[in-house]
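Working notes, beginning with the structure itself.
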Amino acid sequence: MKFIHLADLHLGKTVNAFDLIEDQQYILNEIINIARDNDINTILISGDIYDKKQPSERAVSLFDEFLTKCTHNNIRIIAISGNHDSDERLNFGSRIFSNNNIHITGIYNGEIPSVTLEDEYGKINFYMMPFIKASTVKSYYPEDFNNDNNNYHHAIDVAIKHSNIDKDARNILLAHQFVAGSHDPVLADSEDATKDVGTVEKIGADLFDSFDYVALGHIHIPQQVGRESIRYSGSPLAYSASETTRDKSVPIVEINNKNQVNIDFVTLRPLRKMRKIKGELRKLIEAARNLDPNDRSLEFGQNGPLNDYIFATITDEEEDTNAYDKLKSIYPNLMGLTIENSKTKALANAKITDISTNKSFTELISDFYKQIMGDEISEEDLLCLKEVAKEAGIINETN
C-alpha cells in the first residue's frame, strides 16, 4: 500500500493581499502528476483544506476540480476537516462521495470513522479523526473526565480508546491537532491558530502506538514528531516569509507488513517561489537585472526568478521614497519591503520605559528625534509635528 500524505492546503488563502489561487491550482496538479508517476492511488488530506470556514467560490471550485481530476485518475481521497474548515460544509454529501472513493469526515460524533482497504498483505484501516476539542469528546463520554483531566491529551486518548482499534492490524490515523514529542514542533509564522497553544492543547505522540503511520495536519513545516512515522506533511506552499528557506515536499508512504513503513519525499516545485533578498537598493536592482528570467533551477519558481514572491530588506542609510516602486518594476510580486539601517536598529533598541511621563510633548519629541536621528529637531519639523498631534487629539493649544 502506497499513499501520499497532504495537509494544510488552505485553499483561498491570500498573503499580503496576493491571491494564491493560481499557485494552489498549479501545485495540486503537480501532486496529481506525482501520484500518477509513482503509481499511487490514495491521497490523504489531514485537514485545513480551506483557509476560511466560509471559503470563497474560487476556493470551493478549485477543490472540486482537484477531486474531479483525482476521480478521473482513479485516485482515492481520504480527508478530514481542520480548525480552519467548516465541519458541516465538508461533511455535506460525504456519503455520496464515498461511492466515488472520496471519503471525507468533518464531524466527530463520538467515534473515529474508518475506511478499510486491501492489498496483497491484507486489510489496512484508515482512521479519520477531524479536528476536535476536549469539550466535544467530553460531551459524548462525560464519565471519562474529571477536574484533573480536562485537557486535549486526555480527550484524544478517550476518543481513541472508544474506537476499538485492533492493535495487531495495520492502522493509519489522520489527525489535525497540536502533537508534540520530546520537543514541541517547529512552527511557521503562517500558523495563526497555533500561536497561543498551551500545554492544555498539547497532545503527546505516545498516544499513537496503535498506528503504523500518523498523518498529521496543523503545522506548516514538514517534520516528524517522536518516531519517524508520526509526521506533519506541512503545507504544500510557503504561506509566510518565515518559510522561504524551507523546501516543501510530499511524503510518499509505503506500508507492507505490520510495522514495515518506508517514507520517501518528493520536493514540490511551486509556480512562484517565496524568497528573501537583502542589500542596498542599487545592488538589489543590479542583481535583479543580471538574473536570467528563464532560469528554472530549484532556487527559483517555475515562472522564473523575476516572478517569484519577494520579501525585500533595504540597508541604505539614506531613505529612497521611491524604493518600493523601483523594486516592484522589476519584481511584480513584491510582497513586502522593510528598511534595516542604523536608524531602524536604534528605533528597535529604544527603551520606551526610559521616557519620563513628566516631560512635555516638545521634550519627548525632541529627545526621541535626537535618539533616532542623532541630531536636534528643527523648529519647522517640530511645528509640523505639533499640528499633527493637535489634529489627532494628542495635545491641545495649552500644551
Side-chain angles (χ1 to χ4, degrees), residues 3-16 18-35 43-53 55-56 58-60 62-63 66 77-85 90 130-131 174-180 184-195 197 214-225 230-253 263 265-276 298 301-302 308-309 311 333 335:
F3 57 84
I4 282 177
H5 168 199
L6 302 178
D8 298 280
L9 306 181
H10 287 276
L11 301 182
K13 187 174 184 64
T14 60
V15 177
N16 291 11
F18 281 83
D19 187 340
L20 302 184
I21 280 286
E22 184 183 11
D23 302 81
Q24 293 174 330
Q25 182 181 44
Y26 179 87
I27 211 68
L28 288 178
N29 286 334
E30 285 296 290
I31 290 167
I32 291 175
N33 291 335
I34 290 170
I43 293 178
L44 312 185
I45 308 177
S46 296
D48 280 358
I49 293 169
Y50 296 117
D51 190 55
K52 294 181 173 58
K53 292 187 181 296
S56 67
R58 293 180 69 195
V60 175
L62 177 55
F63 189 50
F66 176 68
I77 296 292
I78 301 176
I80 61 172
S81 65
N83 57 297
H84 277 250
D85 298 312
L90 275 184
F131 176 76
L174 286 75
H176 191 94
Q177 306 286 161
F178 188 81
V179 179
D184 287 350
V186 180
L187 303 182
D189 289 343
S190 55
E191 297 141 343
D192 55 347
T194 63
K195 293 304 180 185
V197 168
V214 181
L216 294 173
H218 204 32
I219 306 301
H220 293 180
I221 294 176
Q223 59 196 289
Q224 69 182 65
V225 182
I230 302 177
R231 178 170 297 278
Y232 288 106
S233 68
S235 58
L237 293 172
Y239 290 136
S240 70
S242 67
E243 300 166 69
T244 55
T245 59
R246 301 176 184 272
D247 286 331
K248 299 293 184 173
S249 61
V250 288
I252 296 179
V253 185
I263 307 170
F265 301 92
V266 178
T267 300
L268 290 171
R269 298 191 60 183
L271 186 64
R272 303 173 185 87
K273 193 175 177 67
M274 198 173 283
R275 297 192 287 118
K276 289 180 180 179
L298 282 174
Q302 293 284 40
D308 283 347
Y309 293 119
F311 289 90
N333 296 313
M335 276 193 163

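Here the structure is a predicted model, which is why all the values come from computation and not from measurement. Heavy-atom basis, side chains included; hydrogens, waters and symmetry copies ignored.
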Determine whether a donor-acceptor pair (N or O, by modelled atom type, separation under 3.5 Å) exists between the side chain of [X] and the backbone of [Y].
X: D8; Y: G217; answer: no
X: T244; Y: K276; answer: no
X: Q223; Y: V186; answer: yes
X: S233; Y: A7; answer: yes

Taking the side chain as everything from C-beta on, heavy atoms only, tell me whether [X] gets closer than 4.5 Å to [Y].
X: F66; Y: I49; result: no
X: I252; Y: I263; result: no
X: L28; Y: L62; result: yes

Please name all residues satisfying side-chain hydrogen bond (donor to acceptor under 3.5 Å, both in side chains) with [X], sequence neighbours left out, ordered by chain then number.
X: N33; answer: R36
X: K273; answer: D247
X: D308; answer: R275
X: N333; answer: none

What are the two closest heavy atoms between [X] and [Y], and how far apart are they?
X: L187; Y: F178; result: CD2-CE1, 4.0 Å
X: V15; Y: M335; result: O-CE, 3.6 Å
X: D85; Y: I80; result: OD2-O, 4.4 Å
X: L268; Y: P236; result: CD1-O, 3.7 Å

How many angstroms lie between atom [atom1] of [X] and atom [atom2] of [Y], to the nearest 0.5 angstrom?
X: K52; Y: H84; atom1: NZ; atom2: NE2; value: 9.0 Å
X: L20; Y: I27; atom1: CG; atom2: CD1; value: 11.5 Å
X: I78; Y: H5; atom1: CD1; atom2: NE2; value: 12.0 Å
X: I219; Y: Q177; atom1: CD1; atom2: CD; value: 11.0 Å
X: I34; Y: I43; atom1: CD1; atom2: CD1; value: 9.0 Å
X: Q224; Y: R231; atom1: CD; atom2: CZ; value: 5.5 Å

Taking only residues two or more places apart in sequence or in another chain, which ones pass ring-ring contact (aromatic ring centres under 6.0 Å, His included) with [X]?
X: F18; value: Y309
X: F311; value: none
X: Y50; value: F63
X: F131; value: none

>> Could you work out, with side-chain contact (heavy atoms from CB on, under 4.5 Å) as the rule, every residue matching E243, not counting sequence neighbours?
In response: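 In terms of side-chain contact (heavy atoms from CB on, under 4.5 Å), with neighbours along the sequence ignored, E243 is linked to A188, S190, H220, S235, A238, Y239, S240, K248.
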> With sequence neighbours excluded, what pairs up with A175 under the side-chain contact (heavy atoms from CB on, under 4.5 Å) test?
Replying inline: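 With sequence neighbours excluded, A175 shows a side-chain contact (heavy atoms from CB on, under 4.5 Å) to M129, L173, L216, given in chain and number order.
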> Who passes salt bridge (charged side-chain N to carboxylate O under 4.0 Å, His left out) against R246, sequence neighbours left out?
Replying inline: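 With sequence neighbours excluded, R246 shows a salt bridge (charged side-chain N to carboxylate O under 4.0 Å, His left out) to no residue whatsoever.
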> For D23, which residues count as a salt bridge (charged side-chain N to carboxylate O under 4.0 Å, His left out) partner, sequence neighbours excluded?
Replying inline: R272
> Given Q24 and L9, is the side-chain contact (heavy atoms from CB on, under 4.5 Å) satisfied, shown in steps?
Replying inline: CA-CA 8 Å; Q24 293 174 330; L9 306 181; over 6 Å; no
> Please walk me through it: do I77 and L44 pass side-chain contact (heavy atoms from CB on, under 4.5 Å)?
Replying inline: CA-CA 6 Å; I77 296 292; L44 312 185; over 6 Å; no
>> Using the rule given for side-chain contact (heavy atoms from CB on, under 4.5 Å), can you reason through L237 versus Y26, listing the C-alpha separation, both sets of side-chain angles and the distance that settles it, and then say yes or no?
In response: CA-CA 10 Å; L237 293 172; Y26 179 87; over 6 Å; no
> With a 3.5 Å cut-off and no angle check, do the side chains of H176 and N83 form a donor-acceptor pair?
Replying inline: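 The criterion, which ignores hydrogens and geometry beyond distance, is satisfied for N83 and H176.
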>> What verdict does the side-chain contact (heavy atoms from CB on, under 4.5 Å) test give for R58 and D19, after you've listed the backbone C-alpha separation in whole Å, the side-chain angles of each residue and the deciding distance to 0.1 Å?
In response: CA-CA 11 Å; R58 293 180 69 195; D19 187 340; 2.8 Å; yes
